[in-house]
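Reading through the structure tokens given below for one structure.
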Amino acid sequence: MKALVCVGPHQAHIEERPRPEPREGEVLIRMRRVGICGTDYHIFDGSQPFFTYPRLIGHELSGEIAEAPEGSGLAPGDIVTVNPYLPCGTCVACRRGRPNCCSRISVLGVHADGGMAEYMTAPLHAVIPTPGLSLDHAAMVEFLAIGAHAVRRAAIEPGARVLVTGAGPIGIGCALFARIAGAAEVTLLDRSARRLATAAEAFGFTDGVIAGPEATEQLEARTGGEMFDYLFDATGNIQAMNAGLANLAHAGTYVLVGLNRDTLSFPDPEFHKRETTLLASRNALSADFEQVVAAIRDGTIPIDRFLTHRVALAEAPAALPGLIAVQESVLKALVTI
Ligand SMILES: [Zn+2]
Ligand SMILES: [Zn+2]
């Protein structure tokens, strides 16, 4: 079978590999669509920490069941996505029902081979059926599940004011699920006027603010000086993550969805006087995937508006540098297999 393999920084090619054989408790999936995201860009450009090459990438997955174990409830031809966050099942987080932050987690397409290939195998428990969704839609469940999980962590109170920093696909996902959770206002903050314009046109987040010297004044004006009850950082930028605290209201909740290798630092008086609730949000749970599948199926999420680029598997290695160069205008690029 054909597979897209990153063999080193800035080196990706299509490789011929043997078709994987499902072991006990696994399904074989005929892969059809794979989304490309920031993680893949970082793997390709060599800036993903703790990453080992070569790697068959791809963790935003959709395909059709080719083989499934007897009694699994899955049949050949069923359209599915895969929860790529494979937990160990026995560590302290797994025992507490939080497999998304398993201490020995293996992420398909990052720590283990992923799905940008004609076939992949996956454990039955990681397979999420997507009845009623197209192949395109099923491949866009994973990145939205990240936002759904962050909003679940935050437990937003209806009527709250929400600020999302970073208007890429993850940030827009947070904003959409915050709106679904009953937020009265959802404001996006981003350095890129282009991204804010897309978020306004495609998803109705017309209240965008450009990050920069005038941002604080504008955010204060929108909240009568009180700032925001819930703040989601989807930038992964350490300056933005540190500076974000100033945009949080007293009694507010700050959720860090983005990830950075540096050390977070806040002035403690600012953190303390707000009685800040600080949360990290990592990956997503199967329940988040299921919430996203339902939201796409019932039309709550205007899913097609995410799909801005499409490329065939054979062309994907050559297309990657170009997609990275135009990242501001890429919401979601799908590889078609
Ligand atoms: Zn991703
Ligand atoms: Zn575990």
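Just so you know, ligand 1 is whichever comes first in the structure, and atom 1 is the first atom listed for that ligand. Because only heavy atoms are used, hydrogens play no part in the values below, and waters and symmetry mates are left out as well, while side chains stay in.
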Looking only at N, O or S atoms, find the one in Glu60 nearest to the Zn ion (ligand 1) and name it.
-> OE2

With the Zn ion (ligand 2) at the apex, how many degrees lie between SG of Cys88 and SG of Cys91, rounded to 10 degrees?
-> 110°

Centroid-centroid under 6.0 Å between Tyr254 and Tyr230 rings | no

For the hydrophobic clusters of this structure (ILVMFWY residues joined by side-chain heavy atoms under 4.5 Å, transitively), does one cluster hold both Phe266 and Leu248?
-> yes

Give a yes/no verdict on a cation-pi contact between Arg30 and Tyr119, requiring under 6.0 Å between NZ or CZ and the six-membered ring centre and an angle within 45° of the axis.
-> yes

Under 3.5 Å: donor-acceptor pair, side chain of Asn242, backbone of Gln239 | no

Report, rounded to 10°, the angle at the Zn ion (ligand 1) between the two atoms SG (Cys37) and NE2 (His59).
-> 100°

